[in-house]
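First the structure, in the form of structure tokens, and then the observations on it.
All values reported here derive from a predicted model rather than from experimental measurement.
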Amino acid sequence: MALIMQPKWLPEPLREGYGLRHVSPQTRSTFVSGRSLPRRAYTATPSQTEVRWLLNDQQAALFEKWFQEQLFDGVSWFACRLRSPLGMDYYKARFTEIYDGPTLTNSNLWMFTAQLELYLRPLLADGWSEYPEGFLQANVIDLAANREWPQP
């Protein structure tokens with residue numbers, strides 16, 4: 001089954017309070033001596049984030065129905081447009097519980113607050129840590145390619 005896409009009418013979450021919390025990939029064994037042995041338990045762990053949306057009356061009504069019908073009351077995974085250190089992109093996410101709201105704000109908009117679970121934490125592709133200059137200087141490469149690239 002194809003991944004459900006976030007509706008185009010659903011805006012980017014508010015920046016206030018937005019952040020990612022990664023689930024630890026480590027496990028730790030504590031010995032009688034007091035020492036401990038940390039080790040990697042998983043290579044793919046989820047991240048969590050709290051998001052807030054400000055929606056007008058029509059968007060709020062649509063959001064609640066989309067949550068109920070399309071996401072089966074929030075249990076289905078969907079492609080959610082979120083910001084991470086990698087930039088704006090779609091991430092596979094789902095609601096961990098039903099959202100809070102709608103709460104009416106001073107500007108006559110409705111606020112919805114929700115906890116999302118991202119299927120994987122947003123990371124660069126494997127190998128980028130070996131050549132960090134390529135990633136850190138990507139804007140220079142992009143400018144040079146666009147300036148010097150031959151026109152078709």
Side-chain angles (χ1 to χ4, degrees), residues 1-55 59-103 105 109-146 149:
M1 186 163 101
L3 192 62
I4 300 166
M5 293 300 292
Q6 173 183 318
K8 294 194 183 310
W9 49 261
L10 187 62
E12 179 179 342
L14 299 176
R15 291 177 182 230
E16 181 184 341
Y18 178 79
L20 299 171
R21 291 179 307 282
H22 304 307
V23 174
S24 176
Q26 295 181 9
T27 188
R28 182 178 291 274
S29 298
T30 304
F31 300 107
V32 176
S33 67
R35 297 198 183 274
S36 61
L37 176 67
R39 58 194 180 283
R40 178 192 256 180
Y42 310 101
T43 57
T45 57
S47 291
Q48 297 174 346
T49 185
E50 181 176 293
V51 293
R52 289 187 209 135
W53 289 288
L54 274 180
L55 307 175
Q59 290 171 323
L62 278 172
F63 175 81
E64 293 195 271
K65 197 60 179 173
W66 173 73
F67 181 87
Q68 188 236 353
E69 281 185 348
Q70 299 293 313
L71 299 181
F72 300 100
D73 282 320
V75 299
S76 295
W77 292 99
F78 68 103
C80 186
R81 187 168 156 81
L82 296 171
R83 185 177 303 275
S84 78
L86 301 176
M88 285 296 286
D89 204 356
Y90 285 94
Y91 296 97
K92 185 176 179 180
R94 69 177 167 193
F95 289 82
T96 60
E97 191 58 56
I98 192 165
Y99 51 84
D100 290 328
T103 304
T105 64
L109 296 174
W110 297 99
M111 181 175 292
F112 290 84
T113 304
Q115 294 284 335
L116 296 180
E117 173 188 4
L118 278 59
Y119 186 75
L120 293 172
R121 69 180 183 192
L123 293 173
L124 288 171
D126 290 346
W128 274 110
S129 61
E130 295 175 25
Y131 305 102
E133 295 80 20
F135 185 74
L136 294 172
Q137 300 300 324
N139 59 341
V140 174
I141 295 168
D142 185 49
L143 285 171
N146 286 317
W149 205 267

inquiry  = Any non-hydrogen side-chain atom of P46 less than 4.5 Å from a side-chain atom of R21?
reply    = no
query = Within a radius of less than 6.0 Å around CG of D73, do more than 12 heavy atoms belonging to other residues, nucleotides or ligands occur?
reply = yes
R39 atom CZ, neighbour heavy-atom count above 12 within 6.0 Å = yes
Nearest heavy atoms of P38 and Q26, plus distance in Å = CB-OE1, 4.3 Å
key: R15: side-chain hydrogen bond (donor to acceptor under 3.5 Å, both in side chains) partners, not counting sequence neighbours   = none
request  = Working to the nearest 0.5 Å, report the span between OG of S29 and CZ of R35.
outcome  = 15.0 Å
remark   = Those residues at least two apart in sequence (or on a different chain) that pass side-chain hydrogen bond (donor to acceptor under 3.5 Å, both in side chains) with E117 are R94
ask   = Are the side chains of Q115 and E97 in touch, meaning some heavy atoms are under 4.5 Å apart?
value = no
query = Taking all non-hydrogen atoms of both residues, which atom of Y99 and which atom of E64 are closest, and how far apart?
reply = OH-OE2, 2.9 Å
task = Verify the neighbour count for atom OH of Y119: are there more than 12 heavy atoms of other residues, nucleotides or ligands below 6.0 Å?
result = no
query = Between CG of L123 and NE2 of H22, what distance do you get to the nearest 0.5 Å?
reply = 7.0 Å
E50 and T113: CA distance, side-chain angles, deciding distance, side-chain contact (heavy atoms from CB on, under 4.5 Å) verdict = CA-CA 7 Å; E50 181 176 293; T113 304; 3.8 Å; yes
note = Residue set satisfying side-chain hydrogen bond (donor to acceptor under 3.5 Å, both in side chains) with S36, at least two apart, ordered chain then number -> R28
key: Heavy-atom side-chain contact between P11 and L54 under 4.5 Å   = no
ask   = What are the two closest non-hydrogen atoms of G34 and T30, and how far apart are they?
value = O-CG2, 4.5 Å
Donor-acceptor pair, side chain of W77 and main chain of L3, under 3.5 angstrom = no
task = Could you tell me the separation between the OG1 atom of T96 and the CG atom of L116, rounded to the nearest 0.5 Å?
result = 7.5 Å
task = Report yes if some heavy atom in the side chain of L20 is under 4.5 Å from a heavy atom in the side chain of S84; otherwise report no.
result = yes
inquiry  = Which residues pass the side-chain hydrogen bond (donor to acceptor under 3.5 Å, both in side chains) test with T49, not counting sequence neighbours?
reply    = none
request  = Working to the nearest 0.5 Å, report the span between CZ of F72 and CD1 of I4.
outcome  = 6.5 Å
message = Between Q59 (side chain only) and W9 (backbone N and O only), is there a donor and an acceptor less than 3.5 Å apart?
response = yes
query = Which value, rounded to the nearest 0.5 Å, describes the distance between L109 atom CG and W53 atom CH2?
reply = 15.5 Å
note = By side-chain contact (heavy atoms from CB on, under 4.5 Å), A60 pairs with (sequence neighbours left out) L55, W110, F112
ask   = Would you say the side-chain atoms of Q6 pair up with the backbone N or O of R81, donor to acceptor, closer than 3.5 Å?
value = yes
task = Check for a donor-acceptor pair, side chain of T45 on one end and backbone N or O of P25 on the other, with a separation under 3.5 Å.
result = no
inquiry  = Just to verify, what does K65 make a salt bridge (Lys or Arg N to Asp or Glu O under 4.0 Å) with, not counting sequence neighbours?
reply    = E69
